[in-house]
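For reference, the structure is listed below as structure tokens.
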Amino acid sequence: MHHYLLFLLMASLAILTPGPGVLNSLGNALRFGLRGSLPGILGVAGGSFIVAALSATGLGLLLATSALAFTALKWLGACYLFYLGIKLLRAPAFRFHTPEAKRTGPWRQFAGGMLLQLSNPKSIFFFLAIFPQFIAAGSAHYTSDFLLLVSSYSALLVLIHSAYALLAHSLRRWLDNERGGHLINKASGASFLVFGSLLAASNR
């Protein structure tokens, strides 16, 4: 493994760039508070492990070389983002202090974050195109290097998304009304639709 500090820098920049995962963490922080957003953040981090593991297998090679497989995965991810966007746009105004705010359990948030990361084009691109540049496939230390890099990426993701969540949590008092609830849903829904459209329009 080479250039570990460079990997940390590139991973940080990739995670800091707003995308579906960041949007999910921001939305959860607004809806459920800082502590309530943590299961979703951990789910996104767990999804990173799965994406990284898949990128190191024959499936990763297939996605990198097969236009059909890439297109199928692209449209699956885009459809999921469209679904999330439409669901939020049609939802009633969210209120922080109603039973709805406590209805989504931590395991459901964790699973949602993981599923979102599996369809996140930014994460898939990072682990298929950038990640392999920092690890030698034939190295005797491949497994330990792989675990170090993925663990570092996931730890950075938890830290950066928690910082985003803290920022969003600080804005809750400005949005704790019906107008704010509509704004949260509409902005989040529109953003997911934009990400889905960008994914659907993307090329290899």
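Predicted model only: the values in this text are computed from it and were never measured.
- Residue L34 is found in a hydrophobic cluster whose other members, listed by chain and number, are L166; membership requires side-chain heavy atoms under 4.5 Å apart, directly or through intermediates.
- Contact check for V51 versus F126: no side-chain heavy atoms found under the 4.5 Å cut-off.
- One hydrophobic cluster holds both L6 and L16 under the rule that ILVMFWY side chains link at heavy-atom gaps under 4.5 Å.
- Between L5 atom CG and H3 atom NE2 the span is 10.5 Å, to the nearest 0.5 Å.
- Here side chain to side chain donor-acceptor pair (under 3.5 Å) pairs that include residues 41-50, with residues two or more places apart or in two chains, are S48-Q117.
- The two residues N28 and G40 have their closest heavy-atom pair at ND2-CA, 4.1 Å.
- Distance CG/L42 to OG/S162: 7.5 Å, rounded to 0.5 Å.
- The distance from atom NE2 of H161 to atom CG of L23, rounded to the nearest 0.5 Å, is 10.5 Å.
- Cluster annotation: F127 and Y142 are assigned to the same hydrophobic cluster (Ile/Leu/Val/Met/Phe/Trp/Tyr, side-chain heavy-atom contacts under 4.5 Å, transitive).
- Looking only at side-chain heavy atoms (C-beta outward), Y153 and F131 stay at 4.5 Å or farther from each other.
- The two residues S12 and I160 have their closest heavy-atom pair at O-CD1, 3.9 Å.
- The hydrophobic clustering, which links ILVMFWY residues whose side-chain heavy atoms are closer than 4.5 Å, places V150 and L147 together.
- In this structure, CG in L26 is found 9.0 Å from OG in S37, a value given to the nearest 0.5 Å.
- There is no path of hydrophobic side-chain contacts, each under 4.5 Å, that joins L159 to L38.
- Relative orientation of the F110 and W107 rings is perpendicular, given thresholds of 30° and 60° on the angle between their planes.
- Between the CG atom of L149 and the CZ atom of F134 there is a distance of 8.5 Å, given to the nearest 0.5 Å.
- Residues L157 and I15 approach most closely at N-CD1, 3.6 Å, considering heavy atoms.
- Nearest heavy atoms, S25 versus I41: OG-CG1, 3.5 Å.
- Residues L118 and G47 approach most closely at CD2-O, 3.9 Å, considering heavy atoms.
- Looking at every heavy atom in both residues, P39 comes nearest to Q109 through CB-CB, 4.1 Å.
- Between S152 and Y4, some side-chain heavy-atom pair lies under the 4.5 Å cut-off.
- Note: L148 CG to T143 OG1 = 12.5 Å, rounded to the nearest 0.5 Å.
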